[in-house]
Amino acid sequence: MTERTLILIKPDGVQRQLVGRIIDRYEQRGLKIVGLKLVRVERALAEAHYAVHRERPFFGELVDFIVSSPLVAIALEGPNAVAICRAINGATRPHEAAPGSIRGDFALDTGKNLVHASDSVENAQGELALWFAPGELQAWDRSTDGWILPG
Ligand code: IDP
Ligand code: MG
């Protein structure tokens with residue numbers, strides 16, 4: 001089932017100059033980039049994005065971190081893109097993230113775990129609408145699709 005999902009390379013990933021290496025993980029898997037931008041986020045957007053965590057003790061710190069410096073927002077498309085990206089990122093807490101995952105290879109601290117990925121198709125649709133205007137998402141044909149995608 002073709003899905004779209006939202007990835008954020010959070011400010012720690014941009015500051016540590018890991019953007020290229022992180023994007024490479026998704027691209028080499030075969031996922032297609034359909035949206036990509038560097039953004040300095042408004043507080044309201046960060047709060048809306050993490051609204052589900054509003055009551056958690058780390059919410060303020062998390063929002064402060066997300067608005068502290070530019071981040072990279074990416075829309076990715078592919079079969080099971082939501083689950084595939086969660087696996088590429090690895091577990092939320094880096095000490096539980098498998099080696100080979102982004103967090104398992106590059107992160108130590110839960111608050112600086114480099115990446116976000118939507119956790120369901122429904123949430124992905126909401127998050128993509130929050131982060132990208134419709135005209136910023138591109139549907140495009142890839143010449144290698146026949147070698148990567150089903151059918
Ligand atoms: P996810 O990013 O793997 O989906 P969530 O549980 O949705 O993880 O949490 C969102 C983000 O909030 C995490 O990626 C992490 O940066 C931060 N976070 C989660 N739990 C904690 C915590 O206990 N302390 C500090 N930050 C946390
Ligand atoms: Mg989450």
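When a ligand or atom number is given, it counts from 1 through the structure's own listing order. Values below: every heavy atom of this structure, side chains too, minus hydrogens, waters and symmetry copies.
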Name every donor-acceptor pair, under 3.5 Å, that has one atom in a side chain of residues 75-86 and the other anywhere in the protein, sequence neighbours excluded.
from  : atom 1 : to     : atom 2 : distance (Å)
Glu77 : OE1    : Arg4   : NE     : 2.8
Glu77 : OE1    : Arg4   : NH2    : 3.1
Arg86 : NH1    : Ala117 : O      : 3.0

List the atom pairs, with distances to 0.1 Å, where a side-chain N or O of residues 53-63 and a protein N or O form a donor-acceptor pair under 3.5 Å, not counting sequence neighbours.
from  : atom 1 : to    : atom 2 : distance (Å)
His53 : ND1    : Arg56 : NH1    : 3.1

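Evaluation of the salt bridge (Lys or Arg N to Asp or Glu O under 4.0 Å) test over residues 130-145, restricted to residues two or more places apart or in two chains, returns Lys32-Asp145, Lys37-Glu136, Arg142-Asp145.
Ion pairing between Arg25 and Asp105 holds under the 4.0 Å rule for side-chain N and carboxylate O.
The nearest pair of heavy atoms linking Leu36 to Ile33 is CB-CG2, 4.0 Å.
Counting heavy atoms from C-beta outward, Leu137 and Trp131 have side chains that stay 4.5 Å or more apart.
Within 4.0 Å of ligand 1, heavy atoms belong to protein residues Lys10, Tyr50, His53, Phe58, Leu62, Arg86, Thr92, Arg103, Thr110, Asn113.
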